J.: 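Encoded as structure tokens, here's the structure I'll be asking about.
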Amino acid sequence: MPTGALPDRPPWWRRAVVYEVYLRSFQDSDGDGMGDVDGLRSRIPYLAGLGVDAVWVTPWYPSPLADGGYDISDHRDIDPRLGTLGQVDALIAEAHAAGLRLVVDLVANHTSAQHPWFVAALTGGPGAPERERYFFRDGRAGGELPPNDWISAFGGPAWTRVREPDGRPGQWYLHLFAPEQPDLDWAHEAVRAEFDDVLRFWLDRGVDGIRVDAAPAMAKLPGLPDAGHAPGALFASSEWVDNPHWDVDAVHEIFRRWRRIGDAYPGDRLFVSEAVVNGPDRLSRYVRPDELHTTFNFDYLKAPWDARRLREVVQGTLDALRPVGAPPTWVLSSHDETRHVTRFGRADSGAATMGFDTPGAPADLDLGLRRARAAALLTLALPGGTYLYQGEELGLPEVEDLPEHVLTDPTWERSGRTARGRDGCRVPIPWSGDAPPFGFTADGVEPWLPQPAGWSTLTVAAQEADPGSTLRLHRTALRLRRELPDLAGEDLRWLEAGEDVLAFRRGRRFRCLVNLSATPVPLPGDGAVALASADVGDRLPPDTAVWLLDG
Ligand code: NOJ
Ligand code: MG
């Protein structure tokens, strides 16, 4: 597609609002305390009523759950605790009937250590052809030390030594995430062919899109040279340049191959990548016209509540993506990040990754919620697509006081119990009622992660009844976003409104103003307020956003 030009009818994903479902925590249907496919099916009316365009479901495949389902032992089936392929077929049909698209999660950088391929690689021993699909190497210093200095995203080295079939300590294998997630070697044709088939398996079932997990990890520099990491270094992929295990150029061949597969299907099938790389220019390479369609925007997610930085990220993203013709996406929260109500209530409001936050940093949750509501209007007014993480529409905070014995995230142990990890953003959704489990599962059943008793005012039912609620704010914003013709295009023009105020115009009549300063600012008199994140008079209070429509 030529630069900047749009087809007559832009494909749905150019401006879609995609709702992320972390399935185990969304809605339980069978009373086992864990969300499941039929639970999600029962909530399709809720999602359609909310006004989102699509649902992305995090991995639902058979998994030993060493990393919340991102450790997959069979890519072509559903974990029996979560449902069946038959239920998924029904889900896809029912979602489509309700006007919702469905995006599945593809984890192709690694498998579970219990995947039959890895089991065969272990039992085959050194030199076995089954080891070639992964990275098995001899250690340094006579085998005692890891083959190189690469590190895991969850902390610690990226290599684990195996015990060989004869019982002796032997080779090492690579895992950029947990040891239970061995990395596949994408230079091996058998790996590529296998995932061609996995893609077709899900596209044949009718899914509308595929989210590509850990996309920049999938190619490694041949020879696996040291990265030069300092001892004890943390995974900081947004800062790395010329790193041998992240964002290596050869990764793009894989996406070209996948794009050809997706394009052979009818309808606008979407690929969206998870790619935390160094700046928008590197990111734009994932969405060149013959690669993936869109990619999550982590620079936006990581940005603190600061007008100058947010404006720089928005403009930098638009500038970097324009030459490749891809639409931006905007993301504030996910199953991997501290919920932004909490983050925006902290003195340091930028995001860390994978739960590596400052432990116990104080958070003013009233302030955080106020900012999160303003951020919702900012985000939904930007051109391109948006991702909403389940519970974001309710203004849920991070649960920071989960008892240690319930924590499941590998970050917790691998950081030497200094970083609590991501369980606190994965606490099950409160739907109704005055006490846990708040309609998430059957009364009397303990959800797999405990919900705070204080969430009774945050339930969907409570917020339905309150016209000022965060849920109702989202619903109205999503409706206006669909209805207002000015928001259909991909333009954005900044307006001058003071240093700590973000102000921009979309189309002819629409303006969005966000006050990130500590004092109220005058509202321009010449526009009608279509929606505001808090009460406004003739002035826009701090941490408040407004949508204005000119006459
Ligand atoms: C990104 C996923 O979002 C995260 O949850 C997971 O731990 C890693 N990739 C590894 O698959
Ligand atoms: Mg269940």
Side-chain angles (χ1 to χ4, degrees), residues 20-43 56-61 63-73 75 78-84 87 103-113 115 152-155 158 174-184 211-218 235 237 245-246 272-277 295-296 298 301 331 333-338 351 353-356 387 389 408-412 414-415 419 421-426 428-429 437 439-442 445-449:
E20 181 193 350
V21 166
Y22 191 77
L23 194 61
R24 286 176 188 75
S25 302
F26 192 59
Q27 174 69 65
D28 183 22
S29 73
D30 59 1
D32 67 352
M34 195 182 269
D36 45 41
V37 175
D38 274 357
L40 171 55
R41 282 171 70 190
S42 74
R43 293 298 182 184
W56 150 36
V57 187
T58 56
W60 49 16
Y61 316 102
S63 164
L65 295 185
D67 179 23
Y70 284 87
D71 48 320
I72 298 171
S73 49
H75 295 80
I78 302 296
D79 192 304
R81 289 164 289 191
L82 304 179
T84 64
Q87 289 169 358
V103 176
V104 292
D105 213 318
L106 180 71
V107 186
N109 175 65
H110 43 268
T111 66
S112 161
H115 189 285
S152 151
F154 298 131
L174 177 71
H175 52 85
L176 289 180
F177 294 90
E180 296 86 351
Q181 294 166 296
D183 279 45
L184 289 165
R211 179 246 187 212
V212 181
D213 184 69
M218 291 171 61
F235 214 79
S237 58
H245 60 69
W246 202 261
V272 53
S273 60
E274 185 217 19
V276 185
V277 294
T295 184
F296 299 146
F298 284 91
L301 185 147
V331 190
S333 273
S334 78
H335 67 288
D336 290 332
E337 312 286 343
T338 299
T353 15
M354 301 280 186
F356 283 101
Y387 283 77
Y389 176 48
T408 67
D409 191 349
T411 298
W412 173 238
R414 288 187 65 83
S415 68
R422 301 161 292 173
D423 293 293
C425 65
R426 300 176 180 179
I429 295 299
F440 164 71
T441 182
V445 173
E446 293 242 339
W448 72 280
L449 283 175

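Whatever order the structure lists ligands and atoms in, that order sets their numbers, starting from 1. Numbering starts at 1 and runs along the sequence shown. The structure displayed is predicted, hence computed values, not measured ones.
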J.: What heavy-atom pair brings R24 and W448 nearest, and what distance separates the two atoms?
T.: O-NE1, 2.9 Å
J.: Looking at every non-hydrogen atom in both residues, tell me the closest pair between T441 and G33 and how far apart they are.
T.: OG1-N, 3.6 Å
J.: Below 4.0 angstrom from a heavy atom of H335, which ligand 1 atoms are there? Numbered from 1 as shown, please.
T.: 2 (C), 3 (O), 4 (C), 5 (O)
J.: Within this structure, what is the CG-CG distance for the pair D183 and N109, rounded to the nearest 0.5 Å?
T.: 4.0 Å
J.: Classify the side-chain pair S63/D79 by whether it contains a donor and acceptor separated by less than 3.5 Å.
T.: no
J.: Which ligand 1 atoms, with their elements, are less than 4.0 angstrom from a heavy-atom of R426?
T.: 5 (O)
J.: Return the name of the atom in D32, of element N, O or S, nearest to the Mg ion (ligand 2).
T.: OD1
J.: Please identify which atoms of ligand 1 are closer than 4.0 Å to at least one heavy atom of R422.
T.: 4 (C), 5 (O), 6 (C), 7 (O)
J.: Against heavy atoms of H110, which atoms of ligand 1 measure under 4.0 Å?
T.: 10 (C), 11 (O)
J.: What heavy-atom pair brings F298 and A275 nearest, and what distance separates the two atoms?
T.: CD1-O, 3.8 Å
J.: Using distance alone, with no hydrogens and no angle criterion, decide if D423 and T408 have a side-chain donor and acceptor under 3.5 Å apart.
T.: yes
J.: Among the N, O or S atoms of D30, which one sits nearest to the Mg ion (ligand 2)?
T.: OD1
J.: Give me the nearest non-hydrogen protein atom to atom 6 (C) of ligand 1 as residue plus atom name, then the distance to 0.1 Å.
T.: D67 OD2, 3.3 Å
J.: Return the residue, atom name and 0.1 Å-rounded distance of the protein heavy atom closest to atom 5 (O) of ligand 1.
T.: D336 OD1, 2.7 Å
J.: The Mg ion (ligand 2) and M34: any N/O/S contact shorter than 2.8 Å?
T.: yes
J.: Looking at E274, which atoms of ligand 1 are within less than 4.0 Å of one of its heavy atoms?
T.: 1 (C), 3 (O), 9 (N)
J.: Can you tell me the protein heavy atom closest to atom 1 (C) of ligand 1 and the distance?
T.: D213 OD1, 2.8 Å
J.: Going by the angle between their ring planes, with limits at 30° and 60°, are W246 and F235 parallel, tilted or perpendicular?
T.: perpendicular
J.: Evaluate the criterion salt bridge (charged side-chain N to carboxylate O under 4.0 Å, His left out) for residue pair R81 and D28; output intermediate values, then yes/no.
T.: CA-CA 10 Å; R81 289 164 289 191; D28 183 22; over 6 Å; no
J.: Going by the angle between their ring planes, with limits at 30° and 60°, are Y22 and H335 parallel, tilted or perpendicular?
T.: parallel
J.: What N, O or S atom of D28 is found closest to the Mg ion (ligand 2)?
T.: OD1
J.: Going by the order shown, which atoms of ligand 1 are within less than 4.0 Å of some heavy atom of R211?
T.: 1 (C), 2 (C), 3 (O)
J.: Which bit of F154 is near ligand 1, meaning a heavy atom under 4.0 Å away: side chain, backbone, both or neither?
T.: side chain
J.: Is the distance between the ring centroids of F296 and Y387 less than 6.0 Å?
T.: yes
J.: Looking only at N, O or S atoms in D36, which is nearest to the Mg ion (ligand 2)?
T.: OD2
